[in-house]
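Written below as structure tokens is the structure these notes are about.
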Protein chains: 2
Amino acid sequence: MAPRDTAAVTIYQVAQRAGVSIATVSRVLKKPDVVSPDTRDRVQRAIDELDYLPDGSARSLAARRQETHGLILPELTGAYFAELLAGYESAAAALDQSVMVVLAADKDDIARAARRLATHVDGIAVMGSAGLPDDLVLSLSGRIPVVVVAGAEQPGIEVVRAENTVPARELTGRLLDAGRRSLRFVGDPEAAVDVAHRYAGFVAAHRDRGLEPAPAMVAKFTEEAGVKVAAQLLESSDRPDGLVCANDLLAIVLIDRLQTAGVNVPTDLAITGWDDILAARYLRPRLTSVRQPVRQLAAYAADRLHSRITGDVSDADWGRTHVLPADVVIRDSCGTALPHKEGNLR
Amino acid sequence: MAPRDTAAVTIYQVAQRAGVSIATVSRVLKKPDVVSPDTRDRVQRAIDELDYLPDGSARSLAARRQETHGLILPELTGAYFAELLAGYESAAAALDQSVMVVLAADKDDIARAARRLATHVDGIAVMGSAGLPDDLVLSLSGRIPVVVVAGAEQPGIEVVRAENTVPARELTGRLLDAGRRSLRFVGDPEAAVDVAHRYAGFVAAHRDRGLEPAPAMVAKFTEEAGVKVAAQLLESSDRPDGLVCANDLLAIVLIDRLQTAGVNVPTDLAITGWDDILAARYLRPRLTSVRQPVRQLAAYAADRLHSRITGDVSDADWGRTHVLPADVVIRDSCGTALPHKEGNLR
DNA sequence: TTGTATGCGTTATCAT
DNA sequence: ATGATAACGCATACAA
């Protein structure tokens, strides 16, 4: 254990030890090729011997670049946002960028936290828009580049998201074509644009067939909300024969509660989820869901933001929306799966 | 959308607009009480009008403090590390500290990433020790304060962890006392100290009763490892009557595979997990597990690290190990649960 | 209470 | 190829 409170090694000490100026030390670090091999070696040796690492803030101040991306997430429960974060960090690291994370959950003043974040990073990636003030993204984007992942489109904001309407339409259509006639969508279209798009697909599938869609059963992404919906369903006289849930958590809770109450899933009631979390394959019945290219979304966002920061993307090319495809994964819970022999792993 | 490439507002512009020196502006921000109410208002107005935010790197450089904690996690699959991260960020935010995250997974040179991280933060919290070079923590701690969460104890390193041996001993004892006589532990005691401690509890429970514990069935925390162990069990002639798994994922995979093969859980085979992930309550049988105080672990680590950074904790008081209790959660899968009427939610 | 001036550890622009 | 030296934007010790 090295002694604490030891002043950190600076570029001056390295320079002195190597018998050169600090400019040369800096060059060895940034553009080694413009330094003569001889002195380069000498400097490098001094660096190694002193275990010198340039100070982050000094670098940032002088170079006017933080080499850091900010990441704002609504929360970190469930695998979805965790995977977004992991994918982003991985992609950012590949670009030699650090990642500073802010979670909006249980933060009384997220706007303040976001503004604070903006002073430490070169750009910000905002995951979703749930729980964030409407103007937050816009106000941040006045300061530094902002890319939104799976959130609302806004002028001047780059958006990267997965397909929502198409898979929802396909899934709903599948249930309708199997003869189901009273489907309900479970989720809160007002809470997030993703959910709104999924509901739009649910509606579209009905309209495609000249049917009238029922209104959504509003539920946030929590166990409690799922329990409440289950209770509603069990009380109602005209129970639906299919549920298109806005995420897997809701689907799982619903399956649990309804099965416990004697409802046969999927025979009496077909249920589908969204996100294809790991547990989806371990429930009975196995859960039909939609798999999003989460890591790719994150990586794409990181790449675009970095390009914007470095100036590789001009004003004119900024503010686009990128949509990546998502895949429907058919399993038992929707009642239309073919008999399968494959294993449980993907 | 504000014009891009606009130079950011600096303290000088605020000072000029308010008709004061930059020192006064700085004081209004840091110690408002030492400046007269009159000028304070004037400065504050200028700050608001210009939407001034002090530059992060300049602040850090001058104040010699980053106001940022570094967080190193092995990965982010599964809820455990995600909750640690969430808990840490929350606690750090309460202390007005930012959080910079590095994931060790799929990083070819984690040591380099960690050193890089150290130049941007005031201290580092390392979650676990899996996948990290042995000397990494020690070498980092020579540079800045390091706290380890659920990792190995080392001289000069502060450790915060949950109880492992006690719950494992309790759980194993419970199975033995129920008459089970051929138990196996599933997990890799070599991979992480947590797991080693859990296996120690498994062993202790046997010794307590004059029994000889079987060796652990080595498995990492992956689905594939679980599948492999399941295959081993199905092939073996003398199948155990109980499995104490090092985490819930392994338990879930094992239940799935063994049930599919016709084994009755828990009658033929009792199974327990660890971490009490959400899905544990939605499987059949419901999974007996151990609940760790994850958020508290993280918050405690953040508090300690911050105290160390601010100097509130002296050299002499640094390097301790803090152990928080973990709770055994009895459900159906261990075969010793009482009939229950409670709901599914905690 | 306020202003002046120095320093924080780099990068980068000049000279040489 | 290398060295001086001026920013970078802020905090703070010291003066006033």
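Below, chain A is the first sequence line, B the second, and so on; all start at residue 1.
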message: For a quick check, tell me whether the side chain of Arg27(A) and the base of dG3(D) share a donor-acceptor pair closer than 3.5 Å.
response: yes
message: Does a side-chain N or O of Arg64(A) approach OP1 or OP2 of dA12(C) to a distance below 4.0 Å, or not?
response: no
task: Would you tell me if any nitrogen or oxygen in the side chain of Thr39(B) comes within less than 4.0 Å of OP1 or OP2 on dT1(C)?
output: no
- prompt: Quick one: is dG3(C) close enough that its OP1 or OP2 comes under 4.0 Å of any side-chain N or O from Thr24(B)?
  reply: yes
task: Kindly say if Arg59(B) contacts the phosphate of dA11(D), meaning a side-chain N or O under 4.0 Å from OP1 or OP2.
output: yes
query: Has Tyr12(A) got a side-chain N or O lying under 4.0 Å from the OP1 or OP2 atom of dA4(D)?
result: no
task: Quick one: label Ser60(A) by what it contacts on the DNA or RNA (base, sugar-phosphate, nothing), any heavy atom closer than 4.0 Å.
output: nothing
message: Starting the side chain at C-beta, find the nucleotide from dA12(C), dG9(D), dT10(C) nearest to Pro54(A).
response: dT10(C)
task: Give the rounded distance in Å between these two atoms: CZ of Arg40(A) and P of dA1(D).
output: 10 Å
message: Can you identify which nucleotide, out of dC10(D), dT10(C), dT12(D), has its nearest atom closest to the Asp55(B) side chain?
response: dC10(D)
- request: Mind calculating the distance between NZ (Lys30(A)) and P (dT13(C)) to the nearest angstrom?
  value: 12 Å
- prompt: Looking at Val101(A), Val137(A), Leu140(A), which one forms a side-chain contact (heavy atoms from CB on, under 4.5 Å) with Ile72(A)?
  reply: Leu140(A)
message: In whole Å, I'd like the distance from the NZ atom of Lys31(A) to the P atom of dT13(C).
response: 8 Å
message: For dA11(D) and Ser26(B) - does any side-chain N or O of the residue sit under 4.0 Å from the phosphate oxygens OP1/OP2?
response: yes
task: Between Val35(B) and Leu29(A), just flag the one whose closest nucleotide in DNA chain C comes earlier from the 5' side.
output: Val35(B)
message: For a quick check of understanding: with a heavy-atom distance under 4.0 Å over all strands, which category does Ser57(A) fall into, base, sugar-phosphate or nothing?
response: nothing
- prompt: With a 4.5 Å limit on heavy-atom distance, are the side chains of Gln44(B) and Val28(B) in contact?
  reply: yes
query: What's the closest nucleotide to the Ile11(A) side chain, out of dC10(D), dC14(C), dT11(C)?
result: dT11(C)
- request: Check the distance between dG9(D)'s C1' and Leu50(B)'s CG and give it to me in whole angstrom.
  value: 15 Å
Nearest-angstrom distance from the residue atom CD1 of Ile22(B) to P of dG7(C): 15 Å
statement: Atom NE2 of His120(B) and atom P of dG9(C) are separated, to the nearest Å, by 16 Å
query: Expressed in angstrom and rounded to an integer, what is the separation of Asp38(A) atom CG from dA1(D) atom P?
result: 13 Å
Validation row: Met100(B), Leu117(B) side chains within 4.5 angstrom (heavy atoms): yes
message: Please classify the nucleic acid contact of Val25(B) as base, sugar-phosphate, or nothing, using heavy-atom distances under 4.0 Å.
response: nothing
query: Between atom CD in Gln16(A) and atom P in dG9(C), what is the gap in whole Å?
result: 15 Å
message: By nearest atom, which of the nucleotides dA4(D), dC10(D), dG9(C) is closest to the Leu61(B) side chain?
response: dG9(C)
message: Quick one, Val313(B) and Arg304(B) - any side-chain contact, counting heavy atoms below 4.5 Å?
response: yes
- request: Decide yes or no on side-chain hydrogen bond (donor to acceptor under 3.5 Å, both in side chains) for Ser60(A) and Glu67(A), but give the supporting numbers first.
  value: CA-CA 8 Å; Ser60(A) 299; Glu67(A) 300 198 329; over 6 Å; no
task: For Arg115(A) and Asp109(A), run salt bridge (Lys or Arg N to Asp or Glu O under 4.0 Å): C-alpha distance rounded to whole Å, both residues' side-chain angles, the deciding distance at 0.1 Å, then the answer.
output: CA-CA 10 Å; Arg115(A) 286 167 55 85; Asp109(A) 195 350; over 6 Å; no
task: Report which part of the nucleic acid Ser36(B) touches: base, sugar-phosphate, or nothing (heavy-atom distance under 4.0 Å, all strands).
output: sugar-phosphate
